[in-house]
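We're numbering straight along the sequence, starting at 1.
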Amino acid sequence: MDPNAPESLTARINLVSEARQLLVDFDSARAQAEAALAVLSDALEVDEWREVCVGDVAKVVGGGTPPSRDEANFGGGIPWITPKDMTGHQGRYIRAGARSLSEAGLANSSAKLLPKDAVLVSSRAPVGLVAIAAQPLATNQGVRSLIFDETQDPLFWYYLLRQSTGVLDAHANGSTFREISGGSIAKLAFTVPSLEWQRRIAETLNRIDGLIEHNLNLNAVLGQLSVLGSHYAVRRSE
C-alpha cells in the first residue's frame with residue numbers, strides 16, 4: 001500500500017482530526033474525573049438506606065430469538081444484544097450488537113423493544129455482565145433487562161449490579177450451563193440509598209468512567225494512526 005495514495009492520505013487526515021478533537025475533549029473529561037476524586041477522597045455520609053427487591057422497583061423483561069431460517073427476521077433497524085455482544089463490550093452504554101432484528105423479527109419472537117436506559121444483565125454464559133441501553137433495542141433470551149421506575153436511578157443500579165456478579169451467579173442454576181431466571185433476579189434484595197444519593201453516587205462514578213472511556217477511544221484512534229504510519233517503514237523495507 002502506498003502511504004501517500006489519496007485514500008491513505010484521506011484516512012490519516014480523518015483520524016488526525018478525530019484525535020485532535022479527542023485531545024481537546026480530554027481536558028473536560030479530566031476535570032470531571034478530578035472532581036469525582038475529590039468526592040471519593042472524603043467520607044460519604046449517605047443516609048436513608050432501605051432494602052428493596054429488584055422486582056419491587058423494576059420490571060424484569062426477558063429476550064428472545066426469531067426463527068433463524070427466515071432471513072427476513074434479521075438485518076433490520078432494531079439493535080439486538082446477546083451475552084456474546086456484552087462479553088466484548090467496554091463501557092457503560094451499549095448501542096448495538098453484531099446483529100439486528102427487523103420489525104418482523106421482533107414480532108416473530110418473545111423479544112421486546114426496550115427503552116433507553118434499561119439495564120441489561122446477562123443471565124447465561126456468562127452470568128452477571130451489565131450494560132445500559134444507549135437507545136431502544138432488544139435482546140435475546142440470554143439477557144434479562146431491568147426497567148426501573150421513577151424512584152430509582154438506572155445508572156446507580158448499573159454500578160450496583162456491576163459489583164454484584166457474585167450475587168447473581170450464586171442465584172444461578174445449573175453446573176455446566178449456569179443461568180439465572182428473571183424470577184430469581186426479581187427476588188434479589190439490595191440495600192440502596194435515596195434517589196438523590198443514588199444520583200450523586202452514580203454521577204461521581206460516571207465521571208471517572210467517562211475519562212476511562214475517553215482514553216480508550218483516544219488510544220484506539222492513535223493506534224490506527226500508528227498502523228497507518230508504519231506503512232512508510234514497510235514500503236521502504238520492500
Using a 6.0 Å cut-off, check whether atom [atom1] of [X] has over 12 heavy atoms from anything other than its own residue.
| X | atom1 | value |
| --- | --- | --- |
| R178 | CZ | yes |
| E103 | CD | no |
| R124 | CZ | yes |

Closest contact, heavy atoms only, [X] versus [Y]:
| X | Y | answer |
| --- | --- | --- |
| L114 | T139 | CD1-CG2, 3.8 Å |
| P154 | V119 | O-CG2, 3.6 Å |
| F74 | P66 | CZ-CG, 3.7 Å |
| R95 | Q135 | O-NE2, 2.9 Å |
| P79 | P136 | CD-O, 3.8 Å |

Find out whether [X] and [Y] are in side-chain contact, i.e. whether some heavy atom of one side chain is under 4.5 Å from a heavy atom of the other.
| X | Y | answer |
| --- | --- | --- |
| H214 | R30 | no |
| R200 | V39 | no |
| T151 | V52 | no |
| I208 | L40 | yes |
| T65 | S68 | no |
| S8 | L228 | no |
| L155 | Y93 | yes |

task = Give a yes-or-no answer on whether the side chains of Q21 and D25 include a donor-acceptor pair shorter than 3.5 Å.
result = yes
task = Consider only side-chain N and O atoms of E48 and W197, and report whether a donor and an acceptor are under 3.5 Å apart.
result = no
